[in-house]
Amino acid sequence: MRHSRAAADAVLDGLAHVRDWQQDFYRDLHRHPELSHREVDTARKVAERLREFGYEVHDGIGGTGVVGVLRNGVGPAVLLRADMDALPVEEATGLDYASTVRATDADGNEVPVMHACGHDVHVAALLGAAELLAEGTDHWGGTVVALFQPAEETSDGARAMVDDGLAELIPGVDVALAQHVLPAPAGRVGTAAGPLLSAADSMRVTVYGRGAHGSMPQAAVDPVVLAAMIVVRLQTIVSREVAPGDSAVLTVGSIQAGSKSNVIPDRAVLQLNIRTYSEQTRTAMLDAIRRIVTAECEASDSPREPEFDIFDRFPLTDNDTATTERVSDAFTTFFGDRCQPMPQQTASEDFSEIPAALGVPYTYWGLGGIEPAAYQEAAKRGRIDQEIPVNHSPTFAPVIQPTLDTGTQALVVAALAWLAPE
Ligand code: ZN
Ligand code: ZN
């Protein structure tokens with residue numbers, strides 16, 4: 001780690017100069033957020049900068065995806081990934097660079113748009129790191145692939161880039177790295193080996209009854225009662241079928257049937273969300289849902305087989321042990337005790353689709369974005385959950401510094417753990 005620390009210090013010497021444009025660039029991104037798959041201006045700004053820094057640029061990958069490649073002699077190749085999309089959330093941060101953008105979503109509705117997940121932090125940090133690595137080529141060897149991904153929030157942006165031939169466009173890489181800003185003190189970074197973010201699946205379940213007048217239940221098969229039994233019985237999956245040491249979530253987020261008090265409807269639709277930390281538990285839970293729904297339909301004498309439709313699937317983020325140790329060692333050497341292990345999250349990410357498609361290991365780390373004093377204050381009073389805004393909230397507002405510096409440093413330090421001379 002001694003060599004990579006020396007290389008990191010040398011490359012990061014230019015950080016003050018990067019900060020000059022990076023903070024303004026970040027404010028501009030924050031003020032002009034774009035919805036998933038619509039990251040047109042963001043992608044254009046990213047591609048422009050990468051060209052300025054001397055990267056070979058491929059754009060329009062999987063829609064609006066952009067990749068910059070910087071070759072610097074023989075050596076390993078490292079892929080660094082940032083996501084670019086914003087959310088249909090109305091910003092309430094009160095920042096002077098807050099978004100007032102409104103846009104039309106995929107369903108044709110006009111919605112407010114906000115960088116409520118901090119992907120603007122990821123883009124600005126990766127561009128900063130890209131410039132530093134381009135200016136500091138004397139201190140490392142190999143190849144940097146800076147990848148800017150669309151549509152993380154809809155869980156299909158990484159897949160879109162892969163399906164659009166990403167593997168053929170870029171040189172082979174040895175490792176893939178990504179980060180996410182989180183409601184933790186700014187200046188902190190941390191990762192952990194193993195399952196870090198959950199796999200997520202959403203499922204629409206349609207069950208059928210036989211409609212009739214509300215006064216004549218004997219002529220009906222009531223899908224409302226059927227759906228109610230299913231909701232109750234589904235609660236037994238996590239409590240009775242998942243091992244106590246494992247963890248999983250099953251939420252019935254939506255249930256719809258009928259429209260009138262005196263009409264028994266002929267169907268009910270339930271929408272489920274499932275979070276798991278292993279492929280085995282995931283398969284077992286999806287199988288259990290099918291088994292319970294099918295059996296409850298039979299118990300109710302349902303006239304038609306139930307239908308299952310899985311959507312919004314996020315893969316498991318399962319950090320490779322050797323890769324994570326290498327990054328953690330480099331972080332600890334550089335950041336000292338500002339590097340803390342990252343606790344397992346119930347959130348999900350589609351980043352791992354990219355290393356999976358390229359057949360390379362990866363690690364994913366968290367980056368604090370909350371003003372440290374405010375965080376400590378809330379912690380002291382045991383009020384973190386109540387007072388510290390989380391990702392996707394209208395008041396999620398990462399402080400610009402030290403968040404951007406730390407995100408930029410983390411990418412450079414992690415990349416150099418492979419690229420610095422031995
Ligand atoms: Zn998000
Ligand atoms: Zn996010």
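Atoms within a ligand are numbered from 1 in the order they appear, just like the ligands themselves.
Figure legend: R204 and F308 shown without cation-pi pairing, the cationic atom not lying both under 6.0 angstrom from the six-membered ring centre and within 45 degrees of its axis.
Atom CD of Q386 is surrounded by more than 12 heavy atoms from other residues, nucleotides or ligands within 6.0 Å. Within 6.0 Å of CZ on R233 lie no more than 12 heavy atoms contributed by other residues, nucleotides or ligands. For CZ of R240, the number of neighbouring non-hydrogen atoms (other residues, nucleotides, ligands) closer than 6.0 Å is 12 at most.
The Zn ion (ligand 2) has C117 SG, H119 NE2, H180 NE2 as protein N, O or S atoms under 2.8 Å away.
H392 has its closest N, O or S atom to the Zn ion (ligand 1) at the position named NE2.
Taking the six-membered ring for Trp and the full ring otherwise, the centers of W365 and F335 sit at least 6.0 Å from each other.
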> When you look at D85 and S36, which way does the side-chain hydrogen bond (donor to acceptor under 3.5 Å, both in side chains) test go after all the steps?
Replying inline: CA-CA 5 Å; D85 54 330; S36 305; 2.7 Å; yes

